[in-house]
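What follows is a single structure, written as structure tokens, with notes after it.
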Amino acid sequence: MYEIPDNFFQILDDKYNLALDGHIFFSGDGSKNDRVEETYGSTKLPYQLTLLKSLTKRPEKGNVASNPFLKSEPELTVLESFGPNDEFKVIFNKFPVVPRHFMLVTREYKSQNTPLSLNELVATYSILKKVSSEGEEKWFAFYNCGPESGASQPHKHIQFMNLPKDFVPFTETLAKGSEPFIPNLKKEPLQNIDLPFAHFVAPLPHDLSNTDEEELSMYFVSLLQRVLNVLKDNQAEHISYNVLMTTDYMALIPRSVGKFQDKIGINSCGFMGLILCKDQDLLDVVYKEGATNILQSCGFPNIKGQSSDEYHY
Ligand code: AMP
Ligand code: AMP
């Protein structure tokens, strides 16, 4: 059901190179990257700040009527159909900053405000397993869910990108220090008490097979429950959160606003430590305010230390 062609990686590479000829607008070439580290308590938080010369062609906000994912361009299509009942397809991001940035999208319209279904989780995990089994890159999947999550397109899409070389996001460090477990009433998800923003991380078992569907769903639901608690306790008027996933962990971050001071868009990548600035002025804002402060004001206060029955949904 979730059969991915053996040569998926090769297909990805070949089609990407072909599509660069007029169909994909790669904006990584003109970008400038700076690595910074911020210290909170005994935690060092790594960031890569990316200054883009131009992202002008990319639509700031998509809409359902002119939905680019329903009839995607053939040149951008990696797999025409995928998953049970062929409910998904795999397409390239047309405006990538990182080469071969691709997405799993539903073939029929489904709202980006809906939580990840069992099939979507399994499809995401299967793809992560596949791309992580080849090459040197560290791949991650992300899902920007809800109106304040940083998403720009309303049609359901889960994205796949790889991390900059030698970059270890805080989620990875947190997950590495713990044995896999499904958070439940007895076991809390992992949270780093040093960080000012709420975040919930579950390390995944290494031997999780593509068929352990229900287990994946339990991980997701238990983290989502924590997110909903935070949103409720803060009287949020919308359900917005970011999902990060690798073959090693799943992380959810509740979101209060999509943009810092209405000008710097923060999506899931931001909580991976990857912050995109569209001009020098915005980059200066990040240096001045500090990346962690920016994440904090786009999220909610850390609740580490509260037991789960203090914040039952
Ligand atoms: P998000 O902003 O997280 O909702 O992700 C939507 C992504 O879709 C953006 O990163 C855009 O670069 C990408 N995108 C916009 N239009 C198209 C298109 N016509 N084909 C493929 N990807 C697109
Ligand atoms: P956005 O402004 O969030 O739509 O992002 C612009 C493009 O870069 C899209 O293709 C995103 O999915 C992707 N992207 C978003 N944040 C980052 C980041 N920090 N580093 C690299 N690419 C990113």
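Here, residue 1 is the first one in the sequence, and each next residue gets the next number. First listed ligand is number 1; within each ligand, the first listed atom is number 1.
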Among Gln112, Gln153, Lys94, which one has a heavy atom closest to atom 21 (C) of ligand 1? Lys94
Check whether the ring centres of Phe170 and His199 lie less than 6.0 Å apart, and answer yes or no. yes
If the cut-off is 4.0 Å to any non-hydrogen atom of Leu76, which atoms of ligand 1 fall inside it? 20 (N), 21 (C)
Ignoring hydrogens, what is the shortest heavy-atom contact between Leu104 and Val90? Give both atom names and the distance. CD1-CG2, 4.2 Å
Work out whether the distance between some heavy atom of His101 and some atom of ligand 1 is less than 4.0 Å. no
Decide whether the shortest distance between a heavy atom of Phe69 and an atom of ligand 1 is less than 4.0 Å. yes
With clusters defined by side-chain heavy atoms of hydrophobic residues (ILVMFWY) lying less than 4.5 Å apart, directly or transitively, does Phe140 cluster with Phe271? yes
Would you kindly specify which portion of His157 sits under 4.0 Å from ligand 1, judged on non-hydrogen atoms: side chain, backbone, both or neither? side chain
Arg107/Glu80 salt bridge by N-O under 4.0 Å criterion: yes
Does atom CD (Glu37) have a neighbourhood of more than 12 heavy atoms from anything else shown, all under 6.0 Å? yes
If you look at every heavy atom in Pro68 and Gln153, which pair is closest and at what distance? CD-OE1, 3.3 Å
Which of the ligand 1 atoms, numbered from 1, are nearer than 4.0 Å to a heavy atom of Asn144: 3 (O)
Can you tell which part of Phe92 has a heavy atom less than 4.0 Å from ligand 1: side chain, backbone, both or neither? backbone
